[in-house]
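Below is one structure, written out as structure tokens, with a few remarks after it.
None of the values given here were measured: they were computed from a predicted structure.
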Amino acid sequence: DELRTAVAQMPGVHGVAELRARSFGDGTHVWVEIRVDPELTVRAAHDLGEAVERRLLEREGICDAVVHVDAAETDDPPR
């Protein structure tokens, strides 16, 4: 929940569809799917995904982060 909240509160993130974290010997590996404004350019969406990845990697114990970016739909429930 702490990671989901941290990602969801980032400017430009409209929601977190899914977040998985697994601990392995060298630390925690995180996979997250974020929702963004469907009007963003590909470059802006990519940059936002990289910003989320950097934010996650700054957290203690996280050694790997993968961010998948999808367009938010108007009927997506907020998460």
Side-chain angles (χ1 to χ4, degrees):
D1 286 341
E2 182 182 327
L3 289 177
R4 179 182 291 273
T5 300
V7 170
Q9 291 177 344
M10 289 188 67
V13 174
H14 287 221
V16 177
E18 189 172 353
L19 187 143
R20 290 181 268 175
R22 298 201 189 279
S23 293
F24 292 105
D26 59 344
T28 301
H29 300 257
V30 177
W31 183 91
V32 63
E33 182 179 336
I34 62 171
R35 301 282 193 243
V36 302
D37 182 340
E39 299 299 319
L40 284 180
T41 65
V42 172
R43 177 173 297 279
H46 177 77
D47 289 348
L48 180 55
E50 286 188 341
V52 170
E53 181 180 324
R54 283 191 305 274
R55 171 82 49 97
L56 287 168
L57 291 171
E58 289 172 352
R59 299 180 72 90
E60 185 176 343
I62 296 180
C63 64
D64 183 45
V66 175
V67 179
H68 180 80
V69 179
D70 278 329
E73 299 293 332
T74 56
D75 58 349
D76 278 347
R79 294 183 179 208

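M10 is connected to V16 through a chain of hydrophobic side-chain contacts under 4.5 Å among Ile, Leu, Val, Met, Phe, Trp and Tyr, so both are in one cluster. When the side chains of ILVMFWY residues are joined at heavy-atom separations under 4.5 Å, either directly or via intervening members, L57 and V13 end up in a single hydrophobic cluster.
H29 pairs by the ring-ring contact (aromatic ring centres under 6.0 Å, His included) definition with F24, not counting sequence neighbours. In this structure, the side chain to side chain contact (heavy atoms under 4.5 Å, CB included) partners of T41, at least two apart in sequence or on a different chain, are R43, A44. Scanning for side chain to side chain contact (heavy atoms under 4.5 Å, CB included) contacts around A6 gives R59, with sequence neighbours left out.
Annotation: H68, atom NE2; neighbour count of heavy atoms from other residues, nucleotides and ligands within 6.0 Å is above 12.
Put simply, the side chain of W31 reaches to within 4.5 Å of the side chain of E18, judged on heavy atoms. Between V69 and H46 there is no side-chain heavy-atom pair separated by less than 4.5 Å. Between I62 and L3 there is a side-chain heavy-atom pair separated by less than 4.5 Å.
Rounding to the nearest 0.5 angstrom, the gap separating the CG atom in D64 from the OG1 atom in T28 is 10.5 Å.
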List the steps, then state whether side-chain contact (heavy atoms from CB on, under 4.5 Å) holds for D37 with H14.
CA-CA 7 Å; D37 182 340; H14 287 221; 3.8 Å; yes
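Closest non-hydrogen pair, A45 versus V36, comes out as CB-CG2, 4.4 Å. Among all heavy-atom pairs drawn from R4 and L19, the shortest one is NH2-N, 3.7 Å.
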